[in-house]
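So you know, we letter chains A, B, ... as the sequences are listed, proteins then strands, and number each from 1.
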Protein chains: 2
Amino acid sequence: MSVNYSISELARELDVTTRAIRFYEEQGLLAPERRGQERIYSPKDLVTLKLILRGKRIGFSLAECKELIELYDPSGGNRKQLEAFMSKIAERRLQLAQQLLDIEQMQLELDTAEERCLAALAEAPH
Amino acid sequence: MSVNYSISELARELDVTTRAIRFYEEQGLLAPERRGQERIYSPKDLVTLKLILRGKRIGFSLAECKELIELYDPSGGNRKQLEAFMSKIAERRLQLAQQLLDIEQMQLELDTAEERCLAALAEAPH
DNA sequence: TTTTACCTTTACGTTAACGTAAAGCTGCTG
DNA sequence: CAGCAGCTTTACGTTAACGTAAAGGTAAAA
């Protein structure tokens with residue numbers, strides 16, 4: 001019934017090191033509860049960590065991941081800040097769109113590479 | 001009629017520094033001709049550099065980019081190497097597929113963030 | 001001819017994102 | 001109660017990907 005995690009449980013679940021998790025906290029990306037000294041991770045922390053790892057897989061820096069996390073909870077912001085959020089969101093959209101194009105292009109290049117490889121295999125002695 | 005580029009022309013064209021270009025060469029990703037000391041870049045070098053930058057945009061390391069470049073010309077390979085190439089290509093395909101999923105998920109999260117931001121803006125005084 | 005605009009190499013500096021001890025507390029278990 | 005398993009902090013080490021001088025070669029323009 002405990003929906004919470006210790007640091008090593010979280011690490012095992014998401015396949016990262018405890019060192020990395022602590023580092024993300026040090027950088028302000030995570031802020032787990034504490035029971036004495038020990039860190040207690042909630043399901044929300046799990047989601048946040050997943051977001052971090054997803055960001056990393058597509059090449060985001062931790063600073064960028066942090067921004068994304070902050071964008072996700074705009075509750076404590078004045079008008080000016082909220083408008084800044086909106087334009088950051090628009091920026092990210094453009095970046096993601098570009099990345100989609102880049103990935104599609106890469107896939108085409110893999111197609112070409114595979115064809116050439118198959119052709120070379122057909123020529124090669126076995 | 002000169003389809004070639006100096007290093008600074010190439011740098012301007014693709015919006016990178018000459019230092020970066022030289023670094024990529026140092027790492028074995030580029031191998032331009034020389035006229036005396038000077039580097040002369042061909043259209044093919046341009047394409048290679050574009051591939052590098054595309055890779056970087058989606059979070060590839062230079063080592064991974066180098067692998068992609070090598071995959072692109074499998075001519076000088078024996079059977080064993082070609083088969084290794086094929087499996088590397090398959091790996092990359094999987095990675096790209098995962099990245100596509102990650103980007104789509106990110107886009108959904110931006111949707112949510114935008115909605116919340118708009119809601120907060122509606123509440124905020126102006 | 002000296003300045004300007006390129007180019008070169010060599011080398012040390014920097015940042016991000018952790019890895020890797022080291023040293024110590026806590027709580028069970030044999 | 002000794003020992004292990006898991007948690008903590010502190011701190012130094014490491015790698016990638018360049019940035020940033022420094023010192024110098026070449027060639028055209030002023």
Side-chain angles (χ1 to χ4, degrees), chain A residues 2-42 45-46 48-70 92 95 99 102, chain B residues 2-42 45-46 48-70 92 95 99 102:
Chain A
S2 160
V3 281
N4 290 341
Y5 313 81
S6 75
I7 192 167
S8 60
E9 284 168 353
L10 193 61
R12 239 166 300 163
E13 180 105 2
L14 297 189
D15 196 35
V16 288
T17 66
T18 60
R19 176 64 177 101
I21 296 177
R22 292 198 189 95
F23 182 72
Y24 300 152
E25 178 177 350
E26 200 180 314
Q27 301 298 306
L29 301 170
L30 284 172
E33 298 293 306
R34 296 271 183 156
R35 187 175 52 202
Q37 287 268 75
E38 284 188 27
R39 295 169 172 84
I40 311 281
Y41 296 89
S42 70
D45 292 323
L46 177 77
T48 301
L49 185 46
K50 279 185 182 175
L51 190 152
I52 297 172
L53 299 177
R54 194 180 305 123
K56 294 208 67 192
R57 281 197 298 273
I58 52 180
F60 285 24
S61 69
L62 288 187
E64 289 173 314
C65 291
K66 184 177 180 183
E67 221 188 71
L68 283 178
I69 291 169
E70 288 162 359
R92 287 291 159 219
Q95 184 189 353
Q99 286 186 296
D102 288 328
Chain B
S2 160
V3 283
N4 291 340
Y5 312 83
S6 76
I7 193 169
S8 59
E9 283 168 354
L10 194 62
R12 240 167 299 164
E13 179 107 1
L14 297 189
D15 197 35
V16 289
T17 66
T18 59
R19 176 64 176 99
I21 296 177
R22 290 200 189 95
F23 182 72
Y24 300 152
E25 179 177 349
E26 198 181 316
Q27 301 299 306
L29 302 175
L30 283 172
E33 297 295 305
R34 297 272 180 156
R35 187 177 49 203
Q37 286 267 77
E38 285 187 26
R39 295 169 171 86
I40 311 279
Y41 295 90
S42 70
D45 292 324
L46 176 78
T48 302
L49 185 45
K50 278 185 182 174
L51 191 152
I52 296 171
L53 299 178
R54 194 180 304 126
K56 294 209 68 193
R57 281 197 299 274
I58 54 180
F60 284 24
S61 69
L62 288 187
E64 289 172 313
C65 290
K66 183 176 179 181
E67 220 188 74
L68 283 179
I69 292 167
E70 287 162 359
R92 287 292 160 216
Q95 184 190 352
Q99 287 186 294
D102 289 327

Counting only side-chain nitrogens and oxygens, does B:T17 get under 4.0 Å of the OP1 or OP2 atom of D:dC18? no
Nearest to the side chain of B:I7, heavy atoms from C-beta on, is which of C:dC7, D:dT8, D:dC18? C:dC7
C:dA17, OP1 or OP2 - any side-chain N/O from A:K56 closer than 4.0 Å? no
Is B:R39 positioned over the aromatic face of B:Y5, cation under 6.0 angstrom from the ring centre and no more than 45 degrees off axis? no
A:E33 atom CD, neighbour heavy-atom count above 12 within 6.0 Å: no
Report the distance from atom CZ of A:R35 to atom C1' of C:dC25, rounded to the nearest whole Å. 15 Å
Given C:dC7, is OP1 or OP2 found less than 4.0 Å from the side-chain N or O atoms of B:S6? yes
B:Y24 side-chain N/O to D:dC18 phosphate OP1/OP2 under 4.0 Å: yes
Closest to the side chain of B:R22, out of C:dC6, C:dT9, D:dA17, is C:dT9
Got a sec: does the CZ of A:R35 have more than 12 other heavy atoms crowding it under 6.0 Å? no
Which listed nucleotide (D:dT20, C:dC7, C:dA17) is nearest to the side chain of B:R19? D:dT20
Verify the distance criterion only: is there a donor paired with an acceptor across the side chains of A:D45 and A:S42 at less than 3.5 Å? yes
